[in-house]
2 protein chains.
Amino acid sequence: MKTFSIGEVAAHFGLPISTLHYYDRQGLLPFVSKNTSGQREFTAADLNLIQTICCLKGTEMPIKEIRQYIDYVMAGPATIAERQQLLRHHKERVLAKQQQIEHDLVEIDKKIAKYDSPAAPQMITRELQFAAHEKEQHHLANPYH
Amino acid sequence: MKTFSIGEVAAHFGLPISTLHYYDRQGLLPFVSKNTSGQREFTAADLNLIQTICCLKGTEMPIKEIRQYIDYVMAGPATIAERQQLLRHHKERVLAKQQQIEHDLVEIDKKIAKYDSPAAPQMITRELQFAAHEKEQHHLANPYH
DNA sequence: GCTTGACCTAAACCATGGTTCAGGCTTTAA
DNA sequence: TTAAAGCCTGAACCATGGTTTAGGTCAAGC
């Protein structure tokens with residue numbers, strides 16, 4: 001079982017090295033050791049934890065919260081309940097966001113479908129006219145061209 | 001059909017007024033007119049467009065791209081194809097991101113389940129020991145406690 | 001043994017998406 | 001008719017999540 005250089009790890013996860021440095025600075029990689037000449041050596045276990053970090057980041061967990069999670073991990077088995085709570089809470093947020101996106105996508109799909117209709121130019125022209133009319137009614141400048 | 005003040009619109013969409021000002025500065029609200037004394041008056045049609053902006057923002061479309069879309073809208077029916085392409089492209093990106101999140105959530109769920117097991121403390125202690133062992137093997141400092 | 005590519009840190013820089021502040025007009029309700 | 005609340009602009013400020021630069025050390029191949 002060999003160890004990996006930062007360049008290898010970066011390539012493996014498709015991240016710039018600078019991002020790994022940044023994560024380290026933010027306290028996300030306290031588990032990564034350095035060899036006697038100061039270079040980071042990543043073990044297999046390290047890669048697993050970085051994989052987890054990538055999952056959390058991929059689901060938009062803020063760095064500070066990832067850091068909290070990592071701190072729990074570093075503290076050993078005593079923090080299992082806290083880790084679980086943190087992950088559960090995160091999961092709920094992500095699911096809620098997924099729901100909202102789902103909803104927004106429906107609206108966007110409606111727009112796409114509308115633009116697909118052969119009657120789209122007429123409909124849109126009418127809408128534009130109505131909008132202009134509405135402005136006029138209220139003695140407002142017409143911003144449409 | 002009345003018009004709405006910026007405060008009313010902000011309340012309606014659950015946004016700070018400052019965000020609407022910001023959007024206007026970024027060119028997202030060229031369709032909003034001002035009355036003779038310089039205050040914005042939002043019409044019903046304006047609210048519809050802002051609703052669309054909220055959908056795009058809710059699905060993480062960057063401001064610049066929302067602006068492009070709005071520019072197309074302002075240009076009238078001639079840009080229907082461009083609007084559709086923009087929305088289709090956006091939709092694809094959102095779906096891809098949803099997929100990736102789905103995948104990440106599975107991993108997170110595994111963690112949660114693992115922490116749920118009564119054997120979790122033992123498992124985690126063993127993992128920790130193994131990680132420490134791996135470090136030792138490579139003559140690296142043990143960062144765990 | 002020397003060059004080249006990989007790595008190190010610290011600090012500066014950057015883009016994005018806002019928020020806050022200052023100073024001044026407008027509208028509304030007492 | 002006047003005070004309070006609401007709106008205006010421009011500019012400064014901020015947090016987040018990195019990236020870039022500078023100046024130096026380290027390691028691998030020739």
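Here is how names work: the chains are called A, B, and so on, in the same order as the sequence lines, proteins then strands, and each is numbered from 1.
- A/Pro121 has its side chain within reach of B/Ile80: a pair of non-hydrogen atoms, C-beta onward, lies under 4.5 Å apart.
- As rounded to whole Å, 10 Å separates atom P of C/dT28 from atom CD of B/Glu8.
- Atoms CD (A/Gln26) and C1' (C/dA11) sit 14 Å apart, rounded to a whole Å.
- Within the 4.5 Å cutoff, the side chain of A/Ile124 has heavy atoms near those of the B/Arg83 side chain.
- Phosphate contact (OP1/OP2 of C/dC7, side-chain N/O of A/Ser5, threshold under 4.0 Å): present.
- A/Leu29 places its CG atom 11 Å from the P atom of C/dT9, with the value rounded to the nearest Å.
- Side-chain polar atoms of A/Asn142 and A/Glu136 form no donor-acceptor pair below 3.5 angstrom.
- At a non-hydrogen distance threshold of 4.0 Å, nothing from residues 86-93 of chain A comes into contact with DNA chain D.
- Look at B/Arg40 and you'll find a side-chain N or O under 4.0 angstrom from OP1 or OP2 of D/dC8.
- Counted within 6.0 Å of CD on A/Gln26, heavy atoms from surrounding residues, nucleotides or ligands total more than 12; the atom is thus considered enclosed.
- Per the geometry, CD1 belonging to A/Ile6 stands 14 Å off C1' belonging to D/dT19, to the nearest Å.
- Distances shown here put a side-chain N or O of B/Lys34 below 4.0 Å from the OP1 or OP2 atom of D/dT9.
- Distance B/His21 NE2 to D/dA12 P: 19 Å, rounded to the nearest Å.
- Between B/Ile17 and A/Thr36, the residue whose closest nucleotide on DNA chain D is further toward the 5' end is B/Ile17.
- With a 4.5 Å cut-off on side-chain heavy atoms, A/Lys57 and A/Ile63 do not count as touching.
- Within the 4.5 Å cutoff, the side chain of A/Gln137 has heavy atoms near those of the A/His133 side chain.
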**Fill in**
Protein-proximity profile, nucleotides 15-25 of chain C, B/S/- by nucleotide at the 4.0 Å heavy-atom cutoff, equals -SBBBB-----

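- Side-chain contact annotation: B/His138 with A/Thr43, donor-acceptor N/O pair under 3.5 Å absent.
- Here the P atom of nucleotide D/dC26 and the CD atom of A/Glu41 are 14 Å apart, to the nearest Å.
- As rounded to whole Å, 14 Å separates atom P of D/dC7 from atom CZ of B/Phe4.
- Here the P atom of nucleotide C/dT27 and the CG atom of B/Asn35 are 6 Å apart, to the nearest Å.
- Two residues are said to be in side-chain contact when any heavy atoms from C-beta on lie closer than 4.5 Å; A/Glu8 and A/Phe42 fail this criterion.
- Side-chain contact between B/Thr52 and B/Tyr69: present, with at least one pair of heavy atoms (C-beta onward) separated by less than 4.5 Å.
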